[in-house]
Protein chains: 2
Amino acid sequence: MHSQTEENYLKAIFKLLEKGEKKISTNAIASLVETAPASVTDMLKKLAEKKLIRYEKYQGVTLSVSGKKVAINIIRKHRLWEYFLVEKLGFTWDQVHDIAEQLEHIKSESLISRLDSYLGNPRVDPHGDPIPDEHGVFHTQNTIPLSVASINSSVIITGVIDHRPVFLRFLEKEGFGLGKKIIIKEKEDIDQSMLVLISGSKKLKHLSNEIARNILVLPEK
Amino acid sequence: MHSQTEENYLKAIFKLLEKGEKKISTNAIASLVETAPASVTDMLKKLAEKKLIRYEKYQGVTLSVSGKKVAINIIRKHRLWEYFLVEKLGFTWDQVHDIAEQLEHIKSESLISRLDSYLGNPRVDPHGDPIPDEHGVFHTQNTIPLSVASINSSVIITGVIDHRPVFLRFLEKEGFGLGKKIIIKEKEDIDQSMLVLISGSKKLKHLSNEIARNILVLPEK
DNA sequence: ATTATTTTTTAGATTTGCCTAAATTTTATT
DNA sequence: AATAAAATTTAGGCAAATCTAAAAAATAAT
(Lines give C-alpha, C1' and ligand atoms only; values in the text may rest on other atoms or scores of the structure.)
Protein backbone atom coordinates (compact mmCIF):
# COMPACT_ATOMS: atom_id res chain seq x y z
CA MET A 1 0.00 0.00 0.00
CA HIS A 2 0.98 3.63 -0.49
CA SER A 3 1.07 6.32 2.14
CA GLN A 4 -1.23 9.32 1.95
CA THR A 5 1.78 11.45 1.21
CA GLU A 6 2.83 9.30 -1.71
CA GLU A 7 -0.70 9.43 -3.04
CA ASN A 8 -0.70 13.22 -2.83
CA TYR A 9 2.54 13.48 -4.77
CA LEU A 10 1.25 11.16 -7.50
CA LYS A 11 -1.97 13.14 -7.72
CA ALA A 12 -0.01 16.39 -8.01
CA ILE A 13 2.17 14.98 -10.79
CA PHE A 14 -0.89 13.71 -12.62
CA LYS A 15 -2.58 17.09 -12.44
CA LEU A 16 0.49 18.82 -13.83
CA LEU A 17 0.73 16.34 -16.70
CA GLU A 18 -3.00 16.79 -17.37
CA LYS A 19 -2.47 20.54 -17.56
CA GLY A 20 -0.18 20.15 -20.53
CA GLU A 21 3.41 19.94 -19.32
CA LYS A 22 5.33 16.94 -20.60
CA LYS A 23 8.11 16.97 -18.02
CA ILE A 24 7.20 17.98 -14.51
CA SER A 25 9.45 20.20 -12.43
CA THR A 26 10.36 19.77 -8.80
CA ASN A 27 9.23 23.30 -8.02
CA ALA A 28 5.83 22.81 -9.58
CA ILE A 29 5.25 19.74 -7.45
CA ALA A 30 6.54 21.53 -4.36
CA SER A 31 4.02 24.29 -4.76
CA LEU A 32 1.12 21.88 -5.34
CA VAL A 33 1.87 19.71 -2.33
CA GLU A 34 2.90 22.76 -0.30
CA THR A 35 6.32 21.60 0.75
CA ALA A 36 9.97 22.54 0.19
CA PRO A 37 11.62 21.56 -3.12
CA ALA A 38 14.26 19.57 -1.24
CA SER A 39 11.51 17.41 0.26
CA VAL A 40 10.12 16.80 -3.19
CA THR A 41 13.48 15.52 -4.38
CA ASP A 42 13.52 13.04 -1.50
CA MET A 43 10.07 11.80 -2.34
CA LEU A 44 10.79 11.55 -6.06
CA LYS A 45 13.64 9.17 -5.31
CA LYS A 46 11.36 7.05 -3.22
CA LEU A 47 8.58 6.98 -5.82
CA ALA A 48 11.12 6.13 -8.52
CA GLU A 49 12.41 3.19 -6.48
CA LYS A 50 8.84 1.95 -6.21
CA LYS A 51 8.51 2.34 -9.99
CA LEU A 52 5.58 4.71 -9.62
CA ILE A 53 7.36 7.42 -11.59
CA ARG A 54 10.26 7.71 -14.03
CA TYR A 55 12.81 10.12 -12.66
CA GLU A 56 16.26 11.30 -13.65
CA LYS A 57 17.97 14.05 -11.69
CA TYR A 58 17.46 17.53 -13.04
CA GLN A 59 15.34 16.09 -15.85
CA GLY A 60 11.87 16.13 -14.29
CA VAL A 61 9.47 13.23 -13.87
CA THR A 62 6.65 11.40 -15.59
CA LEU A 63 4.24 8.83 -14.23
CA SER A 64 4.67 5.13 -14.86
CA VAL A 65 1.60 3.08 -15.75
CA SER A 66 1.16 1.96 -12.16
CA GLY A 67 1.73 5.48 -10.82
CA LYS A 68 -0.90 6.81 -13.17
CA LYS A 69 -3.32 4.16 -12.01
CA VAL A 70 -2.85 5.18 -8.40
CA ALA A 71 -3.27 8.87 -9.25
CA ILE A 72 -6.45 8.32 -11.23
CA ASN A 73 -7.90 6.21 -8.48
CA ILE A 74 -7.30 8.97 -5.93
CA ILE A 75 -8.99 11.46 -8.24
CA ARG A 76 -11.89 9.08 -8.71
CA LYS A 77 -12.33 8.77 -4.98
CA HIS A 78 -11.99 12.51 -4.43
CA ARG A 79 -14.67 13.34 -6.97
CA LEU A 80 -17.08 10.62 -5.88
CA TRP A 81 -16.86 11.87 -2.30
CA GLU A 82 -17.40 15.46 -3.46
CA TYR A 83 -20.51 14.32 -5.28
CA PHE A 84 -21.70 12.55 -2.13
CA LEU A 85 -21.08 15.59 0.03
CA VAL A 86 -23.09 17.87 -2.25
CA GLU A 87 -25.87 15.57 -3.42
CA LYS A 88 -26.49 13.62 -0.24
CA LEU A 89 -25.31 15.82 2.58
CA GLY A 90 -26.26 19.19 1.13
CA PHE A 91 -22.88 20.91 1.13
CA THR A 92 -22.31 23.62 -1.48
CA TRP A 93 -19.64 23.26 -4.16
CA ASP A 94 -17.27 25.66 -2.45
CA GLN A 95 -17.24 23.67 0.81
CA VAL A 96 -16.31 20.18 -0.24
CA HIS A 97 -12.70 20.24 -1.38
CA ASP A 98 -10.93 19.99 1.96
CA ILE A 99 -13.16 17.22 3.25
CA ALA A 100 -12.78 15.21 0.05
CA GLU A 101 -9.04 15.74 0.32
CA GLN A 102 -9.20 13.61 3.45
CA LEU A 103 -11.80 11.10 2.29
CA GLU A 104 -9.89 10.30 -0.91
CA HIS A 105 -7.30 8.41 1.12
CA ILE A 106 -9.69 5.92 2.72
CA LYS A 107 -8.59 2.49 1.59
CA SER A 108 -11.34 0.09 0.53
CA GLU A 109 -12.15 -1.07 -2.96
CA SER A 110 -15.61 -2.25 -1.97
CA LEU A 111 -16.39 1.07 -0.30
CA ILE A 112 -15.77 2.99 -3.49
CA SER A 113 -17.60 0.58 -5.73
CA ARG A 114 -20.62 0.66 -3.42
CA LEU A 115 -20.45 4.43 -3.09
CA ASP A 116 -20.34 4.73 -6.87
CA SER A 117 -23.52 2.68 -7.33
CA TYR A 118 -25.23 4.38 -4.41
CA LEU A 119 -24.65 7.72 -6.11
CA GLY A 120 -25.91 6.38 -9.44
CA ASN A 121 -22.50 6.22 -11.15
CA PRO A 122 -22.18 9.96 -11.64
CA ARG A 123 -20.09 11.13 -14.60
CA VAL A 124 -19.05 14.50 -13.21
CA ASP A 125 -18.42 15.97 -9.78
CA PRO A 126 -20.03 19.16 -8.42
CA HIS A 127 -17.50 21.30 -10.27
CA GLY A 128 -18.14 19.57 -13.57
CA ASP A 129 -14.88 17.63 -13.46
CA PRO A 130 -15.17 14.15 -14.96
CA ILE A 131 -15.18 11.20 -12.56
CA PRO A 132 -13.08 8.36 -14.01
CA ASP A 133 -14.88 5.01 -14.12
CA GLU A 134 -13.63 1.89 -12.30
CA HIS A 135 -11.19 1.24 -15.15
CA GLY A 136 -9.72 4.71 -14.87
CA VAL A 137 -11.35 6.03 -18.03
CA PHE A 138 -12.44 9.66 -18.15
CA HIS A 139 -15.58 10.31 -20.20
CA THR A 140 -15.15 13.93 -21.22
CA GLN A 141 -17.32 16.35 -23.11
CA ASN A 142 -16.14 18.85 -25.69
CA THR A 143 -16.15 21.86 -23.49
CA ILE A 144 -14.51 25.21 -24.20
CA PRO A 145 -13.74 28.19 -21.99
CA LEU A 146 -16.58 30.68 -22.04
CA SER A 147 -14.03 33.30 -23.11
CA VAL A 148 -13.80 31.79 -26.60
CA ALA A 149 -17.51 31.18 -27.14
CA SER A 150 -18.74 33.07 -30.16
CA ILE A 151 -21.00 36.05 -29.95
CA ASN A 152 -24.74 35.37 -30.02
CA SER A 153 -24.14 31.70 -29.38
CA SER A 154 -25.91 29.83 -26.62
CA VAL A 155 -23.91 27.67 -24.23
CA ILE A 156 -24.40 25.60 -21.09
CA ILE A 157 -22.09 25.93 -18.12
CA THR A 158 -20.47 22.55 -17.49
CA GLY A 159 -17.48 23.27 -15.32
CA VAL A 160 -14.89 25.58 -13.85
CA ILE A 161 -11.12 25.82 -14.09
CA ASP A 162 -10.53 27.92 -10.99
CA HIS A 163 -11.69 25.87 -8.00
CA ARG A 164 -11.04 28.41 -5.28
CA PRO A 165 -14.03 28.73 -2.91
CA VAL A 166 -14.03 32.50 -3.35
CA PHE A 167 -14.45 32.10 -7.11
CA LEU A 168 -17.14 29.46 -6.75
CA ARG A 169 -19.11 31.63 -4.33
CA PHE A 170 -18.86 34.54 -6.75
CA LEU A 171 -20.30 32.44 -9.57
CA GLU A 172 -23.07 31.14 -7.38
CA LYS A 173 -24.00 34.62 -6.20
CA GLU A 174 -24.12 35.92 -9.79
CA GLY A 175 -26.23 32.99 -10.96
CA PHE A 176 -23.59 31.11 -12.95
CA GLY A 177 -24.20 27.63 -11.55
CA LEU A 178 -23.52 24.37 -13.40
CA GLY A 179 -26.17 23.60 -16.00
CA LYS A 180 -27.14 27.25 -16.47
CA LYS A 181 -27.78 28.27 -20.08
CA ILE A 182 -26.34 31.57 -21.21
CA ILE A 183 -26.20 33.61 -24.38
CA ILE A 184 -23.21 35.76 -25.27
CA LYS A 185 -24.62 39.12 -26.25
CA GLU A 186 -21.60 41.40 -26.59
CA LYS A 187 -17.84 41.25 -26.42
CA GLU A 188 -15.58 44.27 -25.90
CA ASP A 189 -12.59 44.47 -28.23
CA ILE A 190 -10.54 46.38 -25.71
CA ASP A 191 -10.44 43.83 -22.87
CA GLN A 192 -12.35 40.84 -24.23
CA SER A 193 -14.91 41.22 -21.47
CA MET A 194 -18.44 40.11 -22.35
CA LEU A 195 -22.06 40.83 -21.67
CA VAL A 196 -24.12 37.68 -21.24
CA LEU A 197 -27.72 36.80 -20.56
CA ILE A 198 -28.55 33.99 -18.17
CA SER A 199 -31.53 32.05 -19.49
CA GLY A 200 -34.66 33.05 -17.60
CA SER A 201 -33.17 36.23 -16.25
CA LYS A 202 -33.88 39.72 -17.57
CA LYS A 203 -30.72 41.69 -17.10
CA LEU A 204 -27.36 41.35 -18.80
CA LYS A 205 -24.34 40.39 -16.72
CA HIS A 206 -20.85 41.66 -17.32
CA LEU A 207 -17.97 39.16 -17.16
CA SER A 208 -14.27 40.03 -17.38
CA ASN A 209 -12.13 37.89 -19.65
CA GLU A 210 -10.27 36.72 -16.56
CA ILE A 211 -13.47 35.23 -15.23
CA ALA A 212 -14.79 33.94 -18.56
CA ARG A 213 -11.57 31.99 -19.06
CA ASN A 214 -12.29 30.10 -15.88
CA ILE A 215 -15.77 28.97 -16.85
CA LEU A 216 -16.15 25.90 -19.05
CA VAL A 217 -19.14 25.66 -21.37
CA LEU A 218 -20.70 23.32 -23.88
CA PRO A 219 -21.89 25.12 -27.04
CA GLU A 220 -25.50 24.24 -27.82
CA LYS A 221 -26.37 22.23 -30.96
CA MET B 1 -5.53 19.05 16.47
CA HIS B 2 -4.66 15.52 17.46
CA SER B 3 -2.99 12.90 15.33
CA GLN B 4 -4.81 9.73 14.34
CA THR B 5 -2.49 7.81 16.60
CA GLU B 6 -3.31 9.97 19.59
CA GLU B 7 -7.00 9.53 18.86
CA ASN B 8 -6.58 5.77 18.76
CA TYR B 9 -4.85 5.72 22.13
CA LEU B 10 -7.57 7.85 23.70
CA LYS B 11 -10.25 5.62 22.24
CA ALA B 12 -8.49 2.54 23.59
CA ILE B 13 -8.22 4.03 27.07
CA PHE B 14 -11.88 5.03 26.98
CA LYS B 15 -12.94 1.52 26.01
CA LEU B 16 -10.93 0.00 28.85
CA LEU B 17 -12.46 2.43 31.35
CA GLU B 18 -15.91 1.67 29.97
CA LYS B 19 -15.28 -2.03 30.49
CA GLY B 20 -14.95 -1.53 34.22
CA GLU B 21 -11.28 -1.05 35.09
CA LYS B 22 -10.57 2.05 37.12
CA LYS B 23 -6.85 2.31 36.41
CA ILE B 24 -5.68 1.33 32.95
CA SER B 25 -2.48 -0.66 32.44
CA THR B 26 0.15 -0.05 29.82
CA ASN B 27 -0.11 -3.65 28.64
CA ALA B 28 -3.86 -3.46 28.15
CA ILE B 29 -3.49 -0.40 25.97
CA ALA B 30 -0.63 -2.00 24.06
CA SER B 31 -2.75 -4.96 23.13
CA LEU B 32 -5.70 -2.79 22.05
CA VAL B 33 -3.66 -0.50 19.83
CA GLU B 34 -1.46 -3.41 18.71
CA THR B 35 1.88 -1.96 19.62
CA ALA B 36 4.77 -2.63 22.03
CA PRO B 37 4.35 -1.59 25.68
CA ALA B 38 7.41 0.63 25.40
CA SER B 39 5.70 2.60 22.64
CA VAL B 40 2.66 3.03 24.85
CA THR B 41 4.77 4.54 27.62
CA ASP B 42 6.13 7.09 25.16
CA MET B 43 2.67 8.04 24.00
CA LEU B 44 1.29 8.25 27.53
CA LYS B 45 3.90 10.85 28.37
CA LYS B 46 2.92 12.84 25.34
CA LEU B 47 -0.82 12.64 26.08
CA ALA B 48 -0.17 13.62 29.69
CA GLU B 49 1.77 16.69 28.57
CA LYS B 50 -1.19 17.67 26.44
CA LYS B 51 -3.46 17.17 29.47
CA LEU B 52 -5.54 14.59 27.67
CA ILE B 53 -4.86 11.97 30.33
CA ARG B 54 -3.69 11.84 33.92
CA TYR B 55 -0.60 9.68 34.17
CA GLU B 56 1.89 8.76 36.84
CA LYS B 57 4.59 6.21 36.13
CA TYR B 58 3.72 2.69 37.10
CA GLN B 59 0.32 3.89 38.32
CA GLY B 60 -1.78 3.59 35.19
CA VAL B 61 -3.83 6.29 33.50
CA THR B 62 -7.27 7.85 33.44
CA LEU B 63 -8.79 10.25 30.97
CA SER B 64 -9.06 13.96 31.63
CA VAL B 65 -12.28 15.73 30.72
CA SER B 66 -10.84 16.90 27.42
CA GLY B 67 -9.38 13.48 26.65
CA LYS B 68 -12.74 11.88 27.28
CA LYS B 69 -14.38 14.35 24.96
CA VAL B 70 -11.98 13.46 22.18
CA ALA B 71 -12.50 9.73 22.74
CA ILE B 72 -16.27 9.96 22.73
CA ASN B 73 -16.21 12.04 19.57
CA ILE B 74 -14.13 9.39 17.80
CA ILE B 75 -16.59 6.73 18.92
CA ARG B 76 -19.49 8.86 17.72
CA LYS B 77 -17.90 9.21 14.32
CA HIS B 78 -17.01 5.54 14.12
CA ARG B 79 -20.56 4.43 14.87
CA LEU B 80 -22.23 6.96 12.59
CA TRP B 81 -20.04 5.83 9.72
CA GLU B 82 -20.83 2.18 10.50
CA TYR B 83 -24.51 3.02 10.35
CA PHE B 84 -24.00 4.76 7.03
CA LEU B 85 -22.07 1.83 5.58
CA VAL B 86 -24.79 -0.64 6.51
CA GLU B 87 -27.95 1.39 5.97
CA LYS B 88 -26.95 3.35 2.90
CA LEU B 89 -24.28 1.32 1.18
CA GLY B 90 -25.57 -2.14 1.98
CA PHE B 91 -22.59 -3.59 3.83
CA THR B 92 -23.25 -6.31 6.41
CA TRP B 93 -22.45 -5.78 10.09
CA ASP B 94 -19.35 -7.95 9.94
CA GLN B 95 -17.75 -5.89 7.15
CA VAL B 96 -17.82 -2.36 8.46
CA HIS B 97 -15.38 -2.16 11.33
CA ASP B 98 -12.13 -1.69 9.43
CA ILE B 99 -13.55 0.92 7.10
CA ALA B 100 -15.10 2.89 9.96
CA GLU B 101 -11.75 2.66 11.72
CA GLN B 102 -10.40 4.84 8.93
CA LEU B 103 -13.40 7.11 8.49
CA GLU B 104 -13.55 7.98 12.20
CA HIS B 105 -10.44 10.13 11.80
CA ILE B 106 -11.81 12.45 9.12
CA LYS B 107 -11.77 15.93 10.59
CA SER B 108 -14.84 18.07 9.97
CA GLU B 109 -17.47 19.08 12.46
CA SER B 110 -19.96 20.00 9.77
CA LEU B 111 -19.47 16.68 8.02
CA ILE B 112 -20.48 14.73 11.10
CA SER B 113 -23.39 16.92 11.96
CA ARG B 114 -24.73 16.66 8.42
CA LEU B 115 -24.11 12.93 8.30
CA ASP B 116 -25.99 12.54 11.57
CA SER B 117 -29.09 14.33 10.23
CA TYR B 118 -28.84 12.57 6.88
CA LEU B 119 -28.98 9.24 8.71
CA GLY B 120 -31.91 10.40 10.84
CA ASN B 121 -29.95 10.80 14.08
CA PRO B 122 -29.65 7.08 14.76
CA ARG B 123 -29.36 6.01 18.41
CA VAL B 124 -27.46 2.77 17.87
CA ASP B 125 -24.99 1.44 15.32
CA PRO B 126 -25.36 -1.84 13.38
CA HIS B 127 -24.03 -3.80 16.36
CA GLY B 128 -26.47 -2.22 18.77
CA ASP B 129 -23.82 -0.01 20.36
CA PRO B 130 -25.14 3.40 21.40
CA ILE B 131 -24.13 6.40 19.29
CA PRO B 132 -23.36 9.35 21.57
CA ASP B 133 -25.19 12.55 20.63
CA GLU B 134 -23.45 15.79 19.68
CA HIS B 135 -22.93 16.58 23.37
CA GLY B 136 -21.26 13.25 24.00
CA VAL B 137 -24.20 11.74 25.84
CA PHE B 138 -24.89 8.01 25.46
CA HIS B 139 -28.57 7.07 25.54
CA THR B 140 -28.46 3.49 26.72
CA GLN B 141 -31.10 0.86 27.22
CA ASN B 142 -31.27 -1.58 30.11
CA THR B 143 -29.85 -4.55 28.32
CA ILE B 144 -28.56 -7.77 29.87
CA PRO B 145 -26.48 -10.63 28.48
CA LEU B 146 -28.72 -13.34 27.08
CA SER B 147 -26.91 -15.76 29.40
CA VAL B 148 -28.68 -14.31 32.44
CA ALA B 149 -32.16 -14.01 30.92
CA SER B 150 -34.65 -16.07 32.88
CA ILE B 151 -36.21 -19.23 31.58
CA ASN B 152 -39.47 -18.87 29.65
CA SER B 153 -38.89 -15.15 29.33
CA SER B 154 -39.10 -13.38 26.02
CA VAL B 155 -36.32 -10.99 24.98
CA ILE B 156 -35.23 -8.89 22.00
CA ILE B 157 -31.68 -8.97 20.71
CA THR B 158 -30.27 -5.45 20.94
CA GLY B 159 -26.52 -5.87 20.70
CA VAL B 160 -23.38 -7.93 20.90
CA ILE B 161 -20.30 -7.87 23.09
CA ASP B 162 -17.99 -9.84 20.82
CA HIS B 163 -17.55 -7.82 17.62
CA ARG B 164 -15.36 -10.25 15.70
CA PRO B 165 -16.61 -10.76 12.12
CA VAL B 166 -16.52 -14.52 12.58
CA PHE B 167 -18.88 -14.23 15.55
CA LEU B 168 -21.21 -11.83 13.75
CA ARG B 169 -21.40 -14.10 10.71
CA PHE B 170 -22.22 -17.03 12.98
CA LEU B 171 -25.10 -15.10 14.56
CA GLU B 172 -26.39 -13.99 11.18
CA LYS B 173 -26.28 -17.52 9.80
CA GLU B 174 -28.17 -18.89 12.80
CA GLY B 175 -30.81 -16.19 12.62
CA PHE B 176 -29.79 -14.13 15.65
CA GLY B 177 -29.84 -10.70 14.07
CA LEU B 178 -30.52 -7.43 15.90
CA GLY B 179 -34.19 -6.94 16.68
CA LYS B 180 -34.97 -10.66 16.68
CA LYS B 181 -37.32 -11.80 19.42
CA ILE B 182 -36.43 -15.00 21.22
CA ILE B 183 -37.84 -17.08 24.05
CA ILE B 184 -35.60 -19.00 26.44
CA LYS B 185 -37.05 -22.51 26.63
CA GLU B 186 -34.49 -24.51 28.57
CA LYS B 187 -31.23 -24.05 30.43
CA GLU B 188 -28.79 -26.87 31.25
CA ASP B 189 -27.48 -26.87 34.81
CA ILE B 190 -24.26 -28.53 33.80
CA ASP B 191 -22.89 -25.93 31.37
CA GLN B 192 -25.46 -23.15 31.45
CA SER B 193 -26.15 -23.69 27.75
CA MET B 194 -29.67 -22.88 26.61
CA LEU B 195 -32.32 -23.88 24.13
CA VAL B 196 -34.09 -20.91 22.59
CA LEU B 197 -36.82 -20.31 20.08
CA ILE B 198 -36.50 -17.53 17.54
CA SER B 199 -39.85 -15.88 17.03
CA GLY B 200 -41.40 -17.07 13.81
CA SER B 201 -39.19 -20.12 13.52
CA LYS B 202 -40.20 -23.67 14.38
CA LYS B 203 -37.13 -25.39 15.70
CA LEU B 204 -35.22 -24.78 18.91
CA LYS B 205 -31.66 -23.51 18.73
CA HIS B 206 -28.90 -24.52 21.10
CA LEU B 207 -26.60 -21.79 22.43
CA SER B 208 -23.53 -22.36 24.58
CA ASN B 209 -23.10 -20.11 27.59
CA GLU B 210 -20.00 -18.71 25.92
CA ILE B 211 -22.11 -17.44 23.05
CA ALA B 212 -25.10 -16.36 25.15
CA ARG B 213 -22.79 -14.16 27.24
CA ASN B 214 -21.87 -12.25 24.08
CA ILE B 215 -25.43 -11.45 23.04
CA LEU B 216 -27.18 -8.46 24.63
CA VAL B 217 -30.93 -8.51 25.01
CA LEU B 218 -33.78 -6.38 26.26
CA PRO B 219 -36.31 -8.33 28.36
CA GLU B 220 -39.84 -7.75 27.09
CA LYS B 221 -42.39 -5.84 29.18
C1' DA C 1 10.38 -10.99 54.29
C1' DT C 2 12.93 -12.53 50.51
C1' DT C 3 12.93 -14.10 46.16
C1' DA C 4 10.80 -14.68 41.71
C1' DT C 5 7.81 -13.03 38.23
C1' DT C 6 5.43 -9.71 35.78
C1' DT C 7 4.81 -5.08 34.42
C1' DT C 8 6.55 -0.85 33.19
C1' DT C 9 9.97 2.33 31.95
C1' DT C 10 14.46 3.91 29.96
C1' DA C 11 17.98 3.80 26.45
C1' DG C 12 19.29 3.69 21.98
C1' DA C 13 17.87 2.94 17.04
C1' DT C 14 14.95 3.05 12.93
C1' DT C 15 11.65 4.94 9.41
C1' DT C 16 8.95 8.51 7.22
C1' DG C 17 8.49 12.95 5.86
C1' DC C 18 9.92 17.31 6.53
C1' DC C 19 13.26 21.36 7.08
C1' DT C 20 17.47 24.90 6.09
C1' DA C 21 21.78 25.87 4.12
C1' DA C 22 25.17 24.87 0.88
C1' DA C 23 26.61 22.83 -3.43
C1' DT C 24 25.64 21.61 -8.08
C1' DT C 25 23.43 21.74 -12.49
C1' DT C 26 20.62 23.89 -15.87
C1' DT C 27 18.77 27.86 -18.12
C1' DA C 28 18.76 32.69 -19.22
C1' DT C 29 21.18 37.01 -20.14
C1' DT C 30 24.41 39.83 -21.68
C1' DA D 1 30.95 32.19 -24.67
C1' DA D 2 31.07 33.78 -20.24
C1' DT D 3 28.50 35.10 -16.46
C1' DA D 4 24.31 35.66 -13.78
C1' DA D 5 20.08 33.70 -12.18
C1' DA D 6 17.05 30.07 -11.26
C1' DA D 7 16.13 25.36 -10.34
C1' DT D 8 17.51 21.22 -8.31
C1' DT D 9 19.99 18.21 -5.43
C1' DT D 10 22.95 16.94 -1.43
C1' DA D 11 24.11 17.18 3.36
C1' DG D 12 22.94 17.24 7.90
C1' DG D 13 19.15 17.50 11.20
C1' DC D 14 14.56 17.23 13.42
C1' DA D 15 9.96 15.29 15.09
C1' DA D 16 6.58 11.56 15.33
C1' DA D 17 5.83 6.96 16.16
C1' DT D 18 7.68 2.76 16.33
C1' DC D 19 10.97 -1.11 17.81
C1' DT D 20 14.29 -4.31 20.85
C1' DA D 21 17.03 -5.00 24.80
C1' DA D 22 18.13 -3.78 29.33
C1' DA D 23 17.01 -1.67 33.79
C1' DA D 24 13.79 -0.50 37.40
C1' DA D 25 9.60 -0.92 39.98
C1' DA D 26 5.51 -3.31 41.45
C1' DT D 27 3.20 -7.57 42.39
C1' DA D 28 3.01 -12.43 43.50
C1' DA D 29 4.81 -16.58 45.58
C1' DT D 30 7.33 -19.04 48.55
Side-chain angles (χ1 to χ4, degrees), chain A residues 1-13 15-17 19-63 67 70-71 74 101-102 104-107, chain B residues 1-13 16-17 19-63 67 70-71 74 101-102 104-105 107:
Chain A
M1 256 322 93
H2 318 100
S3 70
Q4 288 200 187
T5 311
E6 287 171 349
E7 292 179 344
N8 283 334
Y9 273 87
L10 293 171
K11 186 178 57 161
I13 295 168
K15 287 196 166 171
L16 290 166
L17 284 166
K19 235 211 278 173
E21 284 99 312
K22 271 275 121 55
K23 286 291 178 94
I24 303 309
S25 80
T26 301
N27 270 355
I29 298 168
S31 98
L32 266 196
V33 302
E34 295 182 290
T35 191
S39 310
V40 175
T41 302
D42 287 347
M43 182 56 83
L44 294 183
K45 286 184 197 161
K46 190 179 160 191
L47 294 174
E49 261 174 43
K50 293 192 174 187
K51 310 266 187 186
L52 291 164
I53 61 172
R54 262 179 296 280
Y55 168 60
E56 278 179 281
K57 304 193 199 185
Y58 297 104
Q59 301 308 307
V61 292
T62 46
L63 287 174
V70 173
I74 296 298
E101 204 77 357
Q102 299 178 63
E104 71 187 8
H105 299 292
I106 301 295
K107 281 160 181 69
Chain B
M1 257 320 94
H2 318 100
S3 69
Q4 289 200 187
T5 311
E6 286 171 351
E7 291 180 345
N8 283 335
Y9 274 89
L10 293 171
K11 185 178 58 161
I13 296 167
L16 290 167
L17 284 166
K19 233 212 277 172
E21 284 99 311
K22 270 275 121 57
K23 286 292 177 96
I24 303 308
S25 81
T26 301
N27 272 354
I29 298 168
S31 98
L32 266 197
V33 301
E34 295 181 291
T35 192
S39 311
V40 175
T41 302
D42 286 348
M43 182 55 84
L44 294 184
K45 285 183 197 162
K46 190 178 159 190
L47 294 174
E49 260 174 45
K50 294 192 174 187
K51 310 267 188 186
L52 292 163
I53 61 172
R54 261 177 298 279
Y55 167 60
E56 276 179 282
K57 300 194 203 186
Y58 297 104
Q59 302 309 305
V61 293
T62 47
L63 287 173
V70 174
I74 297 298
E101 203 77 357
Q102 299 178 63
E104 71 187 7
H105 299 292
K107 281 160 181 67

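Both backbone and side-chain heavy atoms feed into the values below; hydrogens, waters and symmetry mates do not. Everything numeric in this text was worked out from a predicted model, so none of it was measured. Every chain is numbered from 1, with letters handed out A, B, ... down the list of sequences.
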Rounded distance in Å - [atom1] ([X]) to [atom2] ([N]):
| X | N | atom1 | atom2 | value |
| --- | --- | --- | --- | --- |
| B/M43 | C/dT8 | CE | C1' | 17 Å |
| B/D42 | C/dA13 | CG | P | 15 Å |
| A/L16 | D/dA7 | CG | C1' | 15 Å |
| A/I24 | D/dT8 | CD1 | P | 11 Å |
| A/K45 | C/dT15 | NZ | C1' | 16 Å |
| A/L44 | D/dT9 | CG | P | 7 Å |
| A/K23 | D/dA7 | NZ | P | 18 Å |
| B/E56 | C/dT8 | CD | P | 15 Å |

Could you tell me whether the side chain of [Y] reaches within less than 4.5 Å of the side chain of [X], counting heavy atoms only?
| X | Y | answer |
| --- | --- | --- |
| B/I13 | B/L44 | yes |
| A/V70 | A/L63 | no |
| B/L10 | B/I53 | yes |
| A/L47 | A/Y55 | no |

Per side chain to side chain contact (heavy atoms under 4.5 Å, CB included), A/N8 is matched among A/H2, A/E34, A/H105 by A/H105
OP1 or OP2 of [N] less than 4.0 angstrom from a side-chain nitrogen or oxygen of [X], does that happen here?
| X | N | value |
| --- | --- | --- |
| A/K57 | D/dA7 | no |
| A/T26 | D/dT9 | yes |
| A/N27 | D/dA6 | no |
| B/Y58 | D/dA23 | no |

Quick check on contacts: within residues 33-40 of chain A, what sits under 4.0 Å from DNA chain C by heavy-atom distance? A/T35, A/A36, A/A38, A/S39
Okay, side chain of B/Q59, backbone of B/E56: is any donor-acceptor separation there less than 3.5 Å? no
Ion pair A/E7/A/K107, N-O distance below 4.0 Å: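 The answer is yes: the pair qualifies as a salt bridge.
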May I ask you to decide whether B/K11 forms a salt bridge with B/E101, counting only side-chain N to carboxylate O separations under 4.0 Å?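 Here B/K11 pairs with B/E101 in a salt bridge, since their nearest N and O are under 4.0 Å apart.
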For B/K45, which residues count as a salt bridge (charged side-chain N to carboxylate O under 4.0 Å, His left out) partner, sequence neighbours excluded?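 Here no residue qualifies.
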Report which part of the nucleic acid B/T5 touches: base, sugar-phosphate, or nothing (heavy-atom distance under 4.0 Å, all strands). sugar-phosphate
Ordered by number, residues from residues 48-55 of chain B within less than 4.0 Å of DNA chain D (heavy atoms) are none
